[in-house]
Number of protein chains: 2
Amino acid sequence: MLDETDLRILALLQQNAKLTIKELAEALHLTTSPVFERIKRLEKEGYINNYVALVNPEKVGRGQVVFCNVSMPVYTTENIETFEKIVRQMPQVMECYHLAGMVDYQLKVLVKDIKEYDSFLKSFAEIPMVKVHSSIVVLHDVKYSTEVQL
Amino acid sequence: MLDETDLRILALLQQNAKLTIKELAEALHLTTSPVFERIKRLEKEGYINNYVALVNPEKVGRGQVVFCNVSMPVYTTENIETFEKIVRQMPQVMECYHLAGMVDYQLKVLVKDIKEYDSFLKSFAEIPMVKVHSSIVVLHDVKYSTEVQL
DNA sequence: AGTGAAATGACCCGAGA
DNA sequence: TCTCGGGTCATTTCACT
């Protein structure tokens, strides 16, 4: 599937998507054509999902992270589907995972401050199939990376 | 600080960093020069941290997410600094937050499977100032977004 | 799978409103 | 701050190895 060159391309583009094909080619001791074709292949085959700009949450007033743990008392396929669809549409929810634990879901929510989290929770309480179990406030971010180990 | 045009540029680049300045200019009914200058300003002033390729974790054998909750029994500045430095260097740890809760830290760990998480935990156990409190296995990902609400 | 070259198009920087 | 125009450089394709 992937050879050493592909992995190196992925590693470099995960760190900096603005690298030019020429720069990548130099780093890999190749010309631009094979690098170009490999990138297109990695995109087409789904190794690269997307290229994005990472915005500093603090600078745009979304510096507070809160984890929201919710449980689903009536655990049906329909409830699961409906809830997950709603969550995917909530812009404050950056991440959501279905857990094998005491609570069913964990949501990572990005807000301006605790006051804004309070109003988020109120709107969240309208969703009938889940119950908020607990909220955990983040004191500070230690690490945030989008770079998958290869 | 930021006007409506800046916010629209940030929103678009968060969704797709491969948009050309020309495409952005068309979307905003401007010419390329002001768009170019605004982007440079947003980068220089720290609104845009980075441009990255998002790699599909499943495709490269890192499809299993596990949350690792750890506590720090001896809570000193030195222990905090040392631990956070170690964590930032661990490639399996994608995210780490200092919490205001029952446990002191939550780590989001990306591994191939539970077997690999087991070996991660063993190496983690060598770190003297923390104690693994619990591990929560993810059944499936519901949402993962890097797009901050503007 | 790779090279090298050539056309197309994007980026970037002036001058000017 | 914006528009316009042009020089420079990157991307993309193609013929060949």
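Lettering of chains follows the sequences in order, A, B, ..., and the numbering in each one begins at 1. Because the structure is a prediction, the values reported are computed rather than measured.
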key: The single option from A:F83, A:F124, A:F67 passing ring pair (Phe, Tyr, Trp, His ring centres under 6.0 Å) against A:Y105   =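 For A:Y105, the ring pair (Phe, Tyr, Trp, His ring centres under 6.0 Å) test succeeds with only one of A:F83, A:F124, A:F67, which is A:F83.
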What is the distance from [atom1] of [X] to [atom2] of [N], rounded to the nearest Å?
X	N	atom1	atom2	result
B:I39	C:dC12	CD1	P	9 Å
A:L28	C:dT3	CG	P	11 Å
A:K40	D:dT11	NZ	C1'	9 Å
B:L2	D:dT1	CG	P	12 Å
A:L30	D:dT17	CG	P	20 Å
B:E23	C:dA10	CD	C1'	10 Å
B:K22	D:dT11	NZ	P	17 Å
B:K18	C:dC11	NZ	P	11 Å

Is any side-chain heavy atom of [Y] closer than 4.5 Å to one of [X]?
X	Y	answer
B:L24	B:L13	yes
A:D104	A:M72	yes
B:R38	B:D3	yes

task = Give B:R41 one of three labels, base, sugar-phosphate or nothing, depending on what nucleic acid heavy atoms sit under 4.0 Å from its own.
result =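 Contact class for B:R41: none.
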message = Under a 3.5 Å distance rule, please check whether B:K143 uses its side chain to pair with a backbone N or O of A:M90 as donor and acceptor.
response =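 Yes; at least one donor-acceptor contact below 3.5 Å.
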request  = May I ask you to evaluate whether B:R38 reaches the phosphate of D:dC2, defined as a side-chain N or O under 4.0 Å from OP1 or OP2?
outcome  =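 The answer is yes; a side-chain N or O of B:R38 sits under 4.0 Å from OP1 or OP2.
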request  = Could you please name the option among D:dA10, D:dT12, D:dC4 that lies closest to any side-chain atom of B:T31?
outcome  =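 The answer is D:dC4.
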Pull out every protein N or O sitting under 3.5 Å from an N or O of nucleotides 13-17 of chain C, one pair per line with the distance.
from: C:dC13; atom 1: N4; to: B:S33; atom 2: OG; distance (Å): 3.1

ask   = Is there a donor-acceptor contact under 3.5 Å linking the side chains of A:E58 and B:Y47?
value =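 B:Y47 and A:E58 do not have a side-chain donor-acceptor pair below 3.5 Å.
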message = Salt bridge check, A:E95 against B:K108: does any charged N sit closer than 4.0 Å to a carboxylate O?
response =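 Answer for the salt bridge query: yes.
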